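As the structure is a computational prediction, the values presented were derived from the model and not from experiment. All residue numbers refer to positions in the sequence shown, counting from 1.
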Amino acid sequence: MRIFDPHIHMSSRTTDDYEAMYAAGVRAVTEPAFWGGQPRTSAASFYDYFDSLVGWERFRAAQFGIRHHCTIALNPKEANDPRCREVLNALSRYLAKDGVVAVGEVGFDSMTSDEEKVFARQLDMAAEHELPVLVHTPHRDKAEGTRRSLDLVAASDIPPERVLIDHLNEVTVDLVAETGCWMGFSIYPDTKMDEHRMVRIFAEHGLDRMIINSAADWGRSDPLKTAKTGRAMLDAGFSEGDVDRVLWRNPVEFYGQSGRLLLDSVEADQTATFEGNSVLRGQRPQ
């Protein structure tokens, strides 16, 4: 089982997690920029954090045989703080860096007007840099937040196939399914989705444009939930090819639109068999 975890906050995890993830089959991750567990007090703290995502964390993951990518943005939770919004003026220099495969997380937290303005501006940045977008749907009033997110995406210059609407569930998946956007699901021990509910969604909706992640962050979470979902799929009668599609080929296809995936540590005989292998055009040689 090979796994690309497309949304996991490794800055909040230990080296033990990297070892366990590798043993479970994880060979690549994407780490979205998010909040630091407490409010940042200036834009400068973002710059140090972004530097760690494109530098230190990428190096740390490589020590354990895992290719690390990231997404860069002002996250929705901090979009309401005027001390943080200055960071928008510096995003372009980070969005041009190797290993940055999308703009994100963007979206809504409390669904304020400031969040909407920041969301729309970052959609414009994604269009300018020709990058995919990772959209965070809010924890509260998720259905309305998903609708508003889709409205902003539709009003932007971003084609839907370059948008991943994340943290979906049984209530919101239908809102996204017909839009052409990708559908993301976070698999958690207690909240969001679990692997068995996820398998039922696969059975009902199919695997097209479906992406799962562990999102593992500061709270109670499990960086092995992707592997556990793969095993639950097999137990439910899905094929090994189906599991490979969800855990590897789908995230590769989505983030491959950036042209910046760094998958040189994956055996050549595996990557050569991907459907749509041209998404690896940004692969760097060893």
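The hydrophobic cluster containing Tyr188 does not contain Val29, counting ILVMFWY residues as joined when their side-chain heavy atoms lie under 4.5 angstrom apart, directly or transitively. Connection of Val163 to Leu123 is established within a shared hydrophobic cluster, with ILVMFWY side chains joined at heavy-atom distances below 4.5 Å, either directly or through further cluster members.
Asp81 places no side-chain N or O within donor-acceptor distance of the main-chain N or O of Glu78, the cut-off being under 3.5 Å. Looking only at distances, a side-chain donor or acceptor of His9 sits under 3.5 Å from a matching main-chain atom of Pro32. In this structure, the side chain of Glu115 engages the main chain of Ser110 through a donor-acceptor pair within 3.5 Å. One N or O on the side chain of Thr71 and one on the backbone of Gly104 form a donor-acceptor pair closer than 3.5 Å. No donor-acceptor pair under 3.5 Å is formed between the side chain of Glu253 and the backbone N or O of Arg249. In this structure, the side chain of Glu116 does not engage the main chain of Leu152 through any donor-acceptor pair within 3.5 Å.
Residues Leu164 and Pro132 form no side-chain contact, since every pair of their non-hydrogen atoms from C-beta on lies 4.5 Å or further apart. Pro76 is not listed as a side-chain neighbour of Phe119, based on a closest heavy-atom distance of 4.5 Å or more. Residues Asn213 and Asp166 have side chains in contact (heavy-atom distance under 4.5 Å, counting atoms from C-beta outward). Under the 4.5 Å side-chain criterion, counting only non-hydrogen atoms from C-beta, Val252 is in contact with Leu263. Contact of the Tyr22 side chain with the Arg27 side chain is registered, since non-hydrogen atoms from C-beta on lie closer than 4.5 Å. Using a 4.5 Å heavy-atom cutoff, the side chains of Arg140 and Asp109 are in contact. At least one side-chain heavy atom of Met233 sits under 4.5 Å from a side-chain heavy atom of Asp242. Leu234 has its side chain within reach of Glu240: a pair of non-hydrogen atoms, C-beta onward, lies under 4.5 Å apart.
In this structure, the separation between OG1 on Thr226 and CE on Met198 is 13.0 Å, given to the nearest 0.5 Å. In this structure, OH on Tyr47 lies 6.5 Å from CZ on Arg93, to the nearest 0.5 angstrom. For the atom pair CG (Asp174) and CE (Met183), the distance works out to 9.5 Å, reported to the nearest 0.5 Å. Once rounded to the nearest 0.5 Å, the distance linking CZ of Arg121 with OG of Ser156 reads 15.5 Å. Annotation: the span from Ile72 atom CD1 to Leu95 atom CG amounts to 7.0 Å, rounded to 0.5 Å. Of the inter-residue distances, the one linking Glu128 atom CD with Gln122 atom CD reads 12.5 Å to the nearest 0.5 angstrom.
Geometrically, Arg60 does not engage Tyr18 in a cation-pi contact, judged by NZ or CZ lying under 6.0 Å from the ring centre and within 45° of the ring axis. Arg40 forms a cation-pi arrangement with Tyr49, by the criterion of a distance under 6.0 Å to the ring centre and an angle within 45° of the ring axis.
Scanning for side-chain contact (heavy atoms from CB on, under 4.5 Å) contacts around Ser92 gives His129, with sequence neighbours left out.
Classified by interplanar angle (parallel below 30°, tilted 30° to 60°, perpendicular above 60°), the ring pair Phe50/Tyr94 is perpendicular.
Ile8 and Ala216 make their closest contact through CG1-CB, 3.9 Å (heavy atoms, listed as atom of the first residue, atom of the second, distance). Met210 and Phe185 make their closest contact through SD-CE1, 3.4 Å (heavy atoms, listed as atom of the first residue, atom of the second, distance). Across all non-hydrogen atoms, the minimal contact from Val246 to Ile212 is CG1-CG1, 3.9 Å. In plain terms, the two heavy atoms of His68 and Ala61 that are nearest each other are CB-CB, 3.7 Å. Nearest heavy-atom pair across Ala215 and Asp5 is N-OD1, 4.5 Å. Contact between Phe254 and Val133 at its shortest, heavy atoms only, is CZ-O, 3.7 Å.
Enclosure of atom CD in Glu130 is not indicated, since only 12 or fewer non-hydrogen atoms of other residues, nucleotides or ligands lie within 6.0 angstrom. Residue Gln38 places its CD atom among 12 or fewer non-hydrogen atoms of other residues, nucleotides or ligands, all under 6.0 Å distant. The 12-atom threshold is not exceeded at CG of Asp157, counting heavy atoms of other residues, nucleotides or ligands nearer than 6.0 Å.
Side chains of Arg147 and Thr172: a donor-acceptor N/O pair is absent below 3.5 angstrom, by distance only. With no hydrogens or angles considered, no side-chain donor-acceptor pair links His136 and Asn75 at under 3.5 Å. Side chain to side chain, His167 and Thr137 fail the donor-acceptor criterion of an N or O pair below 3.5 Å. Inspection of the Glu31 and Ser11 side chains reveals an N or O donor paired with an N or O acceptor under 3.5 Å. Judged by distance alone, the side chains of Ser45 and Asp48 never bring a donor and an acceptor atom under 3.5 Å apart.
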Handout entry: Verdict with reasoning, Leu150 to Cys181, per side-chain contact (heavy atoms from CB on, under 4.5 Å)
Key = CA-CA 9 Å; Leu150 291 170; Cys181 296; 4.2 Å; yes
Problem - Verdict with reasoning, Asp141 to Arg148, per salt bridge (charged side-chain N to carboxylate O under 4.0 Å, His left out) - result: CA-CA 11 Å; Asp141 201 1; Arg148 286 181 63 179; over 6 Å; no
Exercise for the section: Any chance you could lay out the side-chain contact (heavy atoms from CB on, under 4.5 Å) test for Met10 and Ile66, step after step, and finish with the verdict? Expected result: CA-CA 11 Å; Met10 291 309 302; Ile66 295 174; over 6 Å; no
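With respect to the salt-bridge test (charged N to carboxylate O, under 4.0 angstrom), the residues Arg260 and Asp98 do not qualify. Salt bridge annotation for Lys228-Asp235: absent, with no cationic side-chain nitrogen under 4.0 angstrom from a carboxylate oxygen.
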